[in-house]
Amino acid sequence: MRAYDIIRKKRDGGELSQTEIEFMVQGYTSNEIPDYQMAAWAMAVFLRGMNARETADLTMAMVRSGDQVDLSGIAGIKVDKHSTGGVGDTTTLVLAPLVAAAGAPVAKMSGRGLGHTGGTLDKFESIPGFRVELNKEEFIRNVNTVGAAVVGQTGNLAPADKKLYALRDVTATVDSIPLIASSIMSKKIAAGADAIVLDVKTGSGAFMKTLEDSFALARAMVAIGQEVGRKTVAVITDMDQPLGRAIGNALEVKEAIETLRGGGPSDLRELCLTLGAHMVTLAGKAANPAAARARLEELLQNGQALAKFKEMVAAQGGDPRVIDQPELLPQAQKVIPLLAEQDGYVARIEAEELGIAATMLGAGRETKESKVDLAVGLVVNKKVGEAVAAGEPLVWLHVNEERRLAEVMAKVKAAFTISCQQPAPATLIYGEVV
Ligand code: URA
Ligand code: CA
């Protein structure tokens, strides 16, 4: 078998066999196939596409390229949740304890933030003492005793994806649906998920900017799940404005605590209930999503979800007092309002621009080496559809380092469109693929 022939076959619109796909993935991982051949192959896939069977074979070849996490020491069906990446996406902080309180085990491997979206590990680390580096035994023990644990990735998961993603990044082959779908699913499957709930973001702050592409990506991932025996559900949700109000690590922990207390921003609460209901149902802990949702609402109301968060924080070495005293979280030196200059309604918020602004304040990484300032970020005071009067704050900036403040303020201001007409209410959930 030769890489050349496989590239040519795909270039000409052919369907690749499992053996051919495996040959490319294994060869690339072991450095036998050079970057230029893999790049040509990725471009052929980009232009010609892949069917569901090829996409599933690519996914599993990437899973087999490295370690696979063995979660068999945890009783029950392990359901993982994945978001395609958003701004101020605080859901994992809420969902891990909420779903665990409903009896479904949550064994979650999360990542750090890079670019305009924050990372769940950084968010948890803003809780003083919280350790995301548990060894495998601690991880499994915590899930078995507490019900939930969130850790950084250990082992060499889907190295083929890592290498291919870096190559795609520099060869204009990132935004291909089969390549994105297999990339995401390979990492979830390698991390040991029995079932997967996907939050596919759509809109200005998301990978997929149009509803059509978002549904296509969702369908591709659900089809992979079907082909490889991992029940997968996808929910297509809005990322045309940030989720909730807080963007920034400690600020999002505070927002998660408010939500677990039964309050919090209505969009964050609603998304957590929707995704959580699917997780609990796939884990076999409720008969259907409606019953699961009712149970989750009860757990937010009766304090059990919040108690589970406290238990989870303590079990990972974090200071559980932050739950009742959020002032123990890192605090920025200054809180500066950005004021509206005219009366009207918020018609649009460019989520990605706010994500970049928060990163510039230090809440995220501009390069892999940047150090994150856990205290800083943005709190959106006026979301889409809300009325605003001139002189009222649109956003509160939590700031330590004022060097780039003027630039950040200009960016935040430009992210808002104020209109004199009240816009149609923003949609949060566009649909589901099951
Ligand atoms: N996220 C991933 O993990 N992979 C992609 O290819 C795109 C987004
Ligand atoms: Ca948020």
Side-chain angles (χ1 to χ4, degrees), residues 42 45-46 50 55 58-59 62-63 80 82-95 109-120 122-123 126 153 157-191 196 198-201 205-208 213-214 217-218 220-221 224 237-239 241-260 264-272 349 351 354-355 358 363-364 377-381 383 395-396 398 428:
V45 171
F46 180 94
M50 274 186 159
T55 311
L58 174 58
T59 305
M62 294 199 293
V63 169
D80 204 351
H82 179 79
S83 154
T84 60
V87 175
D89 186 353
T90 315
T91 53
T92 299
L93 277 72
V94 177
L95 278 172
M109 288 195 173
S110 283
R112 297 198 178 272
L114 185 61
H116 73 275
T117 61
T120 296
D122 301 317
K123 295 174 195 181
S126 62
Q153 185 179 300
L157 302 189
D161 169 65
K162 197 170 187 178
K163 206 171 165 204
L164 179 57
Y165 194 19
L167 185 71
R168 287 164 55 209
D169 210 17
V170 293
T171 55
T173 48
V174 167
D175 42 351
S176 145
I177 285 173
L179 294 179
I180 298 174
S182 55
S183 167
I184 292 173
M185 292 295 281
S186 68
K187 284 174 278 199
K188 295 287 114 181
I189 294 167
I196 300 158
L198 298 163
D199 178 7
V200 179
K201 304 286 193 191
F207 232 99
M208 293 286 143
D213 283 347
S214 306
L217 178 61
M221 292 191 286
I224 293 172
T237 75
D238 178 64
M239 196 26 80
Q241 62 173 336
L243 186 65
R245 294 187 183 274
I247 307 169
N249 300 290
L251 295 169
E252 288 186 56
V253 170
K254 190 159 170 266
E255 182 171 72
I257 292 168
E258 286 159 11
T259 308
L260 287 163
S266 57
D267 58 346
L268 177 60
R269 172 186 163 92
E270 178 58 33
L271 184 58
C272 289
I349 304 176
L354 291 192
L378 307 174
V379 177
V380 178
N381 191 44
K383 292 201 45 169
V395 171
W396 296 97
H398 291 243
L428 176 64

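When a ligand or atom number is given, it counts from 1 through the structure's own listing order. These numbers come from a predicted model, not from an experiment.
At the Ca ion (ligand 2), the vertex angle linking O of Gly88 with O of Ala246 is 110° (nearest 10 degrees). At the Ca ion (ligand 2), the vertex angle linking OE1 of Glu255 with O of Leu243 is 120° (nearest 10 degrees).
Using a 4.0 Å heavy-atom cutoff, Val174 is absent from the residues neighbouring ligand 1.
The shortest contact between atom 4 (N) of ligand 1 and any protein heavy atom is with Ser183 OG, 2.6 Å. Counting protein heavy atoms only, atom 7 (C) of ligand 1 is closest to Tyr165 OH, 3.5 Å.
Scanning both residues, Ala246 and Glu252, for their nearest heavy atoms gives O-CG, 3.5 Å.
Of the N and O atoms on the side chains of Asp161 and Ser186, not one donor lies less than 3.5 Å from an acceptor on the other residue.
Counting the atoms of ligand 1 from 1 in the order shown, those under 4.0 Å from a heavy atom of Lys187 are 2 (C), 3 (O), 4 (N).
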Practice prompt. Tell me, with the steps shown, if Gln241 and Val380 meet side chain to side chain contact (heavy atoms under 4.5 Å, CB included).
Written response: CA-CA 10 Å; Gln241 62 173 336; Val380 178; over 6 Å; no

Worksheet item: Going through the distances and angles, do Val87 and Met239 end up as a side chain to side chain contact (heavy atoms under 4.5 Å, CB included)?
Response: CA-CA 7 Å; Val87 175; Met239 196 26 80; 4.3 Å; yes

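Counting heavy atoms from C-beta on, the side chains of Pro242 and Ile349 come closer than 4.5 Å.
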